[in-house]
Number of protein chains: 2
Amino acid sequence: MKTLQLTSSDRAILVRSRFFARLPHSTVDAILEGATLSSHEEHDVLFRQGDSIDDVFFVLSGLVRLYRLGKEGREADVAVFPKGEMFAENAMFLGHRVTASAEAAEASIILRLDSRKLRQLAAADPEVAQAIIEHLCHRGKMTEDLLAEDRLLTAPQRVASYILSHCPNGSTSFSFRLPFQKNVLAGKLGLAPEALSRAFSTLRQSGVTVKGRMIEIRDRQALERF
Amino acid sequence: MKTLQLTSSDRAILVRSRFFARLPHSTVDAILEGATLSSHEEHDVLFRQGDSIDDVFFVLSGLVRLYRLGKEGREADVAVFPKGEMFAENAMFLGHRVTASAEAAEASIILRLDSRKLRQLAAADPEVAQAIIEHLCHRGKMTEDLLAEDRLLTAPQRVASYILSHCPNGSTSFSFRLPFQKNVLAGKLGLAPEALSRAFSTLRQSGVTVKGRMIEIRDRQALERF
DNA sequence: GCGGCTACTTGACCTCGGTCAAACAACTGC
DNA sequence: GCAGTTGTTTGACCGAGGTCAAGTAGCCGC
């Protein structure tokens, strides 16, 4: 972990993110006051379940995994945040105790905002409050999606659903590059890495080709039917 | 479904609920303006996944199940709301399209608030915005809890965890009455009713006695170890 | 090229929990 | 009381996916 300066490309990420995009520059500046920047290696732990934290986190680059701990060191991912996502805002309104752990899933640059300041701003500026509300709604929906998929879909169906969510709708055949290691994808989908691998090979018969991180889809309908 | 008048005991439930408790009476009145009340039988559907709705719902009595639909009529509960809980606030900020269905899990009385009005109030009154934010944080944590339990715990462990969440901490032995049918509990825990039944009988060896809706615990530690 | 590392895949095995069917219990209306 | 309905339990079966172990592939430094 290493402290850094906010570069102009960092700022560009910020102001294009879902949360900050809707806010005027002056408000963004106010939120950023006192923010600190740090860079992390893969597997660096940002905070641990049960910690008391006074920050809200923002991913400027890289990837962060948010997970809960179970018996005997088991871990279950509850969310994965790519560049441009904000997290741990929950703690700000729930007594600052965090209900999950977070670690960098690859080398990452993280911005830490002062949660007390953000909270004050939310109380003073309805626009900020509105942005937080929409952010929370969005997060809630994401988690609900994961829960519903866990309960309704088999492993190959979940993988198909993930692939389809990356498909520009309309096109019947397309390809894309996984934005992270299969390892991480497995965790996000609630699968063991082996199960993800098997799911991919099941989907081969529906026109899915996997080579390294590249995914190629030949027949969209076949995937949807799955 | 039948339209009703708001009684004084309904109001008592409202002002004691997590969401309304923090707000001054005048604000509560403003939110309630234009609200409608209805009573529903078990299995009455309040709205369906994909519907466009302009209401926020509040359970005055009874129980509501929120669920997603899967292939071939399968259903997966994503939340269960007892008396005093508010739901479908998500839709208000996500284009009014609702991402799940809701139905009464027992005879219920439901209050429908005008979501446009609530949203306006949130924009005008930071106190309202604050209340919504805390409500969303709480809901987010609930969903995250469910997801993590699904991924980390076996059926008996989830049931044990549910029982413990109803145990006044400190006491080693206690008993309580299930607040709803085992059917509903099974859904909430992401289990088939048969699996719930089997989980209970597994827990017998750890000092749990089940008779109808009454649950009796003889040894708290044993449950925690499970 | 080579060795060594890490990511990923494959196979064998086994456990958890879903499903179907049947028995049983509790509650309803009569 | 009785019959009919509905909620719950139990048994038998099986399929999805976790785990462990052994491979394979890609990649880095040399």
Side-chain angles (χ1 to χ4, degrees), chain A residues 41-43 63 65 70-77 105-107 146 149-162 177-205 208-215 226, chain B residues 41-43 63 65 70-77 104-107 146 148-162 177-205 208-215 226:
Chain A
E41 312 263 310
E42 191 175 343
H43 298 130
L63 195 69
R65 211 166 60 84
K71 309 223 159 172
E72 296 151 31
R74 291 176 56 89
E75 300 180 352
D77 288 18
E106 58 184 55
L146 280 184
E149 295 205 341
D150 270 26
R151 292 187 169 182
L152 289 171
L153 305 182
T154 65
Q157 288 173 328
R158 274 180 276 187
V159 176
S161 156
Y162 175 80
R177 191 180 147 80
L178 285 179
F180 34 65
Q181 285 186 182
K182 296 204 179 110
N183 225 339
V184 178
L185 178 57
K188 180 180 152 89
L189 299 180
L191 296 173
E194 297 95 325
L196 175 63
S197 192
R198 278 187 253 268
F200 273 131
S201 72
T202 301
L203 291 179
R204 243 197 317 259
Q205 71 194 44
V208 176
T209 317
V210 180
K211 197 159 270 157
R213 282 201 190 176
M214 286 305 300
I215 311 289
F226 211 93
Chain B
E41 312 262 311
E42 191 174 342
H43 298 131
L63 195 69
R65 212 166 61 81
K71 310 224 159 169
E72 295 151 30
R74 290 175 56 88
E75 300 180 352
D77 289 19
E106 58 184 56
L146 280 184
E149 294 205 342
D150 270 26
R151 292 186 169 183
L152 288 172
L153 305 182
T154 65
Q157 288 172 330
R158 274 180 276 185
V159 176
S161 157
Y162 175 80
R177 190 181 148 80
L178 286 179
F180 35 65
Q181 285 186 184
K182 296 205 179 109
N183 226 339
V184 178
L185 178 57
K188 180 180 150 89
L189 299 179
L191 296 173
E194 297 95 323
L196 175 63
S197 192
R198 278 186 252 271
F200 273 132
S201 74
T202 302
L203 292 179
R204 245 199 315 260
Q205 71 193 45
V208 176
T209 317
V210 180
K211 198 158 269 157
R213 281 199 190 177
M214 286 304 301
I215 310 289
F226 212 95

Could you tell me whether B:Arg213 contacts a base, only the sugar-phosphate backbone, or nothing, with contacts defined as non-hydrogen atoms closer than 4.0 Å? nothing
With respect to the side chain of B:Arg158, which nucleotide from C:dG17, C:dC20, C:dT10 is positioned closest? C:dG17
Grab the CZ-C1' distance between B:Phe180 and D:dT8 for me, whole Å please. 16 Å
Between B:Gly212 and A:Ala195, which is nearer to the 5' end of DNA chain D once each is assigned its nearest nucleotide? B:Gly212
Measure CD/B:Glu106 against P/D:dT6 and give the value in whole Å, please. 17 Å
Nearest-Å distance, NE2 (A:His43) to P (C:dT6)? 11 Å
Given side chains that start at C-beta, do those of B:Arg213 and B:Lys182 come closer than 4.5 Å, heavy atoms only? no
If I take atom CG in residue B:Leu189 and atom P in nucleotide C:dG18, what distance separates them, rounded to the nearest angstrom? 11 Å
Just how far, in rounded Å, is C1' of D:dT6 from CD of B:Glu41? 16 Å
Figure out the CG/C1' separation between A:Leu196 and C:dT10, and round it to whole Å. 14 Å
CG/B:Leu153 to CG/B:Leu189 distance, rounded to the nearest 0.5 angstrom? 10.0 Å
Taking the nucleotide of DNA chain D with the nearest heavy atom to each, does B:Arg204 or B:Glu42 sit closer to the 5' end? B:Glu42
Between the base of D:dT19 and the side chain of A:Arg198, is there a donor-acceptor distance below 3.5 Å? yes
Are the side chains of A:Val184 and A:Glu106 in contact, using a 4.5 Å heavy-atom criterion? no
Give the nucleotide from the list C:dG17, C:dT9, C:dC8 with an atom nearest to the side chain of A:Gln181. C:dC8
Measure from CE on A:Met214 to C1' on C:dA7 and round the result to the nearest Å. 18 Å
Any donor-acceptor pair, under 3.5 Å, between the side chain of B:Gln157 and the base of C:dC16, if you only look at N and O atoms? no
Nearest listed nucleotide, side chain of B:Ala192, among D:dT8, C:dT19, C:dC8: C:dT19
Can you tell which of D:dT10, D:dT8, C:dG18 lies closest to the side chain of B:Glu194? D:dT10
What nucleotide, of D:dG18, D:dA21, C:dG17, holds the atom closest to the side chain of B:Thr154? C:dG17
Let's test your reading of the model: under 3.5 Å, does the base of D:dT19 pair with the side chain of A:Arg74 as donor and acceptor? no
So, do A:Arg158 and A:Asp150 sit near enough that their side-chain heavy atoms are less than 4.5 Å apart? yes
Under 4.0 Å between a side-chain nitrogen and a carboxylate oxygen: does that hold for A:Arg151 and B:Asp77? no
Taking atom P of D:dA16 as reference, at what distance in whole Å does atom CG of A:Asp150 sit? 17 Å
According to a strict under-4.0 Å criterion, is A:Lys182 in side-chain N/O contact with OP1 or OP2 of C:dT9? yes
